[in-house]
J.: 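There's a structure below that I have some questions on.
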Amino acid sequence: MRSFSGMTGSAKGPSVLIVGTGFGGIGTAIELKRAGFGDFTILESAAGPGGVWRDNTFPGAACDIPSPLYSFSFEPNPRWPKRFSHQPDILAYLRRVIAKYGLEPHIRYRTEVTGAAFDEARGLWRVETKTGETFEANVFVPAVGQLSRPVLPDIPNRESFAGDAFHSARWDHDVDLTGKRVAVVGTGASAVQFVPELRKRAQHVTVFQRTPPYVMAKSDPSYRRWQHWLFEHLPPTQLLGRLRIFLLAEYATYAMTRHQVLAKMFELRTAQLRRRHIKDPELRAKLKPSYPLGCKRILFTNDYLPALAEPDVDVETRRIREITEKGVRVEDGTEIEADVLIYGTGFAATQFLGRLDVRGLGGRSLQEEWSGGARAYLGMTVPGFPNLFCVYGPNTNLGAGSIIYMIERQARYIRQAVERLARPGVSYVDVRPEVEERYDREVQRRLGRSVWSACTSWYRQADGRVTTNWPGLVTEYDRRTRRFDVADYRVVA
């Protein structure tokens, strides 16, 4: 077992250990480095960076937020190929950012974190890894995200299927889908992107739908050479595009959280889209959502509805009874045969930090603290777990808008906390329980009145508590995280 105390680099200030090389981990590292703090290490379980944009390589994988907004504000990319960029372009962007800001020497790949414990006497986090190495740092920043742990559905006899089966986030590119009968379980954000691509190769595609999503068209032009030139030589032109997208996202959030009359306008647009692409009234009825718009994630696609209308695609709404050796058996006993089974069933979004065994003051377990639902002050800090700051933690997800905006605000807040810890004599900061409790009550009260409490979705736990989403506009989150208020914390010397 090797022990590392004092991270890569020799700059001033506390040592920081970050877990994850997605946008959250990279954004935090850059914020620290730009402020002069170089004593940080990023641990990554995989062989390369990128988080969800490394893992999700399914056909058609793309972002549903326009790239001028789904990118770091301090690092615009004037060369995005399209407005809604695809996975390879986003991953390439992240790699360029890592190279530009010199983060590669700080990253330890193939290093999976299994647990972390706070040493109160020394004011240090002791982080254990699967390789047997131990890291020590003053500050612990888990940036593993909400959408990094794929979920397979609890369907009886799932392992009995004789053909190839995989989750969309672990796409098996060795499986040749040409001429195959493919069964797709799930109709979420990933499925609406890969189903249209599947039907181009497969003989037949059956989509098993539990609840239909709201689908909206997206304006997705390719950027032309003159636009690239304009963005590169006159950056304010790209900034204006970013501002426009930002304001539209804030308007959509306002409609979903405060003004349901405005949300009805979006519902009408989705209905018009179904009428345009789905001529069969029976199929159109299957695809009509029966819950308020925004309660589940709204999906942006130009190809999904036309694909479902094709004769080689079926939408199956009968409930799945079990998986069989040859395919899928539905509730009335009918067996639908398939050669390949693909699960587009999402992620364990409400299981923050996954299986990490995190121990705070007195050995208290974070998993036990969160047994009734994850909660954290400003989505980052938890009482009894000093110097721990989550990135993309509880109640920081968005129903509309770019999570990169939220990540940048969290990185700014963490940097200010590190600056406070850099002062002589400060060992750790621990958010006051009454501050976190008051904050959580407010957030849950507001969420209880929001559209996200109106149906079952990955935003909610089984008991109805919404643990993922932020209840307001992102400009409010920006205001509330602008300053690290030491009065919210117990400061231990």
Side-chain angles (χ1 to χ4, degrees), residues 58 150-169 172 175 177 179-215 270-271 273-275 277-292 295-297 299 301 303-348 454-458 460 462:
F58 57 81
V151 167
L152 291 172
D154 187 18
I155 300 174
N157 305 319
R158 199 181 67 231
E159 301 299 327
S160 66
F161 184 63
D164 294 299
F166 51 86
H167 192 282
S168 61
D172 190 342
V175 176
L177 300 170
K180 300 289 181 65
R181 297 167 300 174
V182 181
V184 175
V185 179
T187 54
S190 299
V192 302
Q193 294 181 344
F194 69 72
V195 164
E197 299 299 317
L198 279 182
R199 70 158 296 273
K200 296 176 183 178
R201 287 179 269 173
Q203 173 192 327
H204 193 275
V205 178
T206 302
V207 179
F208 290 87
Q209 172 189 277
R210 186 170 59 180
T211 53
Y214 277 100
V215 174
T270 66
L273 200 65
R274 287 194 299 275
R275 286 195 298 270
H277 293 297
I278 308 296
K279 304 305 179 184
D280 179 2
E282 184 178 346
L283 176 58
R284 196 187 309 146
K286 287 183 178 180
L287 300 176
K288 181 181 179 181
S290 58
Y291 53 88
C295 184
K296 295 178 184 286
R297 186 172 177 179
L299 307 181
T301 171
D303 306 321
Y304 183 63
L305 293 180
L308 299 186
E310 294 293 335
D312 54 358
V313 178
D314 287 333
V315 177
E316 182 56 68
T317 56
R318 289 174 290 183
R319 295 189 71 84
I320 296 174
R321 179 195 294 181
E322 63 176 340
I323 302 297
T324 68
E325 183 180 350
K326 295 181 179 180
V328 181
R329 194 183 307 280
V330 294
E331 56 190 345
D332 65 3
T334 303
E335 184 180 35
I336 299 170
E337 295 187 357
D339 304 306
V340 180
L341 184 54
I342 302 175
Y343 294 101
T345 46
F347 303 86
C455 68
T456 301
S457 72
W458 63 264
R460 302 171 71 203

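Note that the structure is a prediction, hence the values are computed from the model and not measured. Side chains are part of it too, since the values below use all heavy atoms of this structure and drop only hydrogens, waters and symmetry mates.
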J.: If you define the side chain from C-beta out and look only at heavy atoms, does anything of Leu305 sit under 4.5 Å from Leu273?
T.: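 SC-SC contact between Leu305 and Leu273 confirmed.
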
J.: For the side chain of Asp314 and the backbone of Glu316, is there at least one donor-acceptor N/O pair under 3.5 Å apart?
T.: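 Absent.
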
J.: Pairs of donor and acceptor atoms involving the side chains of residues 185-196, under 3.5 Å and at least two apart or interchain, shall be tabulated with distances.
T.:
unit_1: Thr187; atom_1: OG1; unit_2: Thr211; atom_2: O; d: 3.3
unit_1: Gln193; atom_1: OE1; unit_2: Ala62; atom_2: N; d: 3.0
unit_1: Gln193; atom_1: NE2; unit_2: Ala62; atom_2: O; d: 2.9

J.: For residues Asp332 and Arg321, report the shortest heavy-atom separation together with the two atoms involved.
T.: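 Closest pair (atom of Asp332, atom of Arg321, distance): C-NH2, 4.0 Å.
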
J.: Just checking Glu337: does its CD atom have more than 12 heavy atoms from other residues, nucleotides or ligands closer to it than 6.0 angstrom?
T.: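 More than 12 within 6.0 Å, yes.
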
J.: Is there side-chain contact between Asp164 and Leu341, with at least one heavy-atom pair below 4.5 Å?
T.: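 Answer no - side chains too far apart.
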
J.: If we only count heavy atoms from C-beta on, is the Tyr214 to Leu299 side-chain gap below 4.5 Å?
T.: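 No. Closest side-chain heavy atoms not under 4.5 Å.
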
J.: Report all side-chain donor-acceptor pairs from residues 283-292 shorter than 3.5 Å, counting only partners two or more places apart or in another chain.
T.:
unit_1: Arg284; atom_1: NE; unit_2: Ile278; atom_2: O; d: 2.9
unit_1: Arg284; atom_1: NH2; unit_2: Ile278; atom_2: O; d: 3.0
unit_1: Arg284; atom_1: NH2; unit_2: Lys279; atom_2: O; d: 3.4
unit_1: Lys286; atom_1: NZ; unit_2: Val315; atom_2: O; d: 2.9
unit_1: Tyr291; atom_1: OH; unit_2: Pro212; atom_2: O; d: 2.6

J.: With side chains defined as the heavy atoms from C-beta onward, is the minimum distance between Val330 and Ile336 less than 4.5 Å?
T.: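 Val330 reaches Ile336 side chain to side chain.
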
J.: Would you say the side chain of Leu152 lies within less than 4.5 Å of the side chain of Phe166, judging by non-hydrogen atoms?
T.: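 They are not in contact (no side-chain heavy atoms under 4.5 Å apart), so the answer is no.
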
J.: A side-chain contact here means heavy atoms from C-beta on lying under 4.5 Å apart; do Lys326 and Phe161 qualify?
T.: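 The answer is no; the side chains never approach within 4.5 Å.
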
J.: Say whether Thr324 and Glu335, considering side chains only, have a donor N or O and an acceptor N or O under 3.5 Å apart.
T.: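 Distance-only check passes for Thr324 and Glu335.
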
J.: Hey, what do you get for CD1 (Ile323) to CZ (Arg329), rounding to the nearest 0.5 Å?
T.: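 Atom-to-atom, Ile323:CD1 and Arg329:CZ are 10.5 Å apart.
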
J.: Measuring from atom CZ of Arg318 to atom OG1 of Thr334, what distance do you get when rounded to the nearest 0.5 angstrom?
T.: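 Going from CZ on Arg318 over to OG1 on Thr334, the span is 4.5 Å.
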
J.: Enter the distance from Leu177:CG to Arg201:CZ here, rounded to the nearest 0.5 Å.
T.: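 So the CG of Leu177 and the CZ of Arg201 are separated by 5.5 Å.
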
J.: Please evaluate residues Arg319 and Glu331 with respect to the criterion salt bridge (Lys or Arg N to Asp or Glu O under 4.0 Å), reporting the C-alpha separation (whole Å), side-chain torsions for both, the decisive distance (0.1 Å), and the verdict.
T.: CA-CA 5 Å; Arg319 295 189 71 84; Glu331 56 190 345; 5.4 Å; no

J.: Without swapping roles, check the side chain of Thr345 against the backbone of Val151 for a donor-acceptor pair under 3.5 Å.
T.: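 Confirmed, Thr345 side chain pairs with Val151 backbone.
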
J.: Could you check if a side-chain atom of Ile320 sits within less than 4.5 angstrom of a side-chain atom of Phe208, using non-hydrogen atoms only?
T.: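 A side-chain contact under 4.5 Å exists here.
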
J.: Under the criterion side chain to side chain donor-acceptor pair (under 3.5 Å), which of Arg181, Arg199, His204, Gln203 is the partner of Asp312?
T.: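 Output: one option passes, namely Arg199.
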
J.: If you round to the nearest 0.5 Å, how far is CZ of Arg158 from OH of Tyr343?
T.: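 Interatomic distance, Tyr343 OH to Arg158 CZ, rounded to 0.5 Å: 6.0 Å.
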
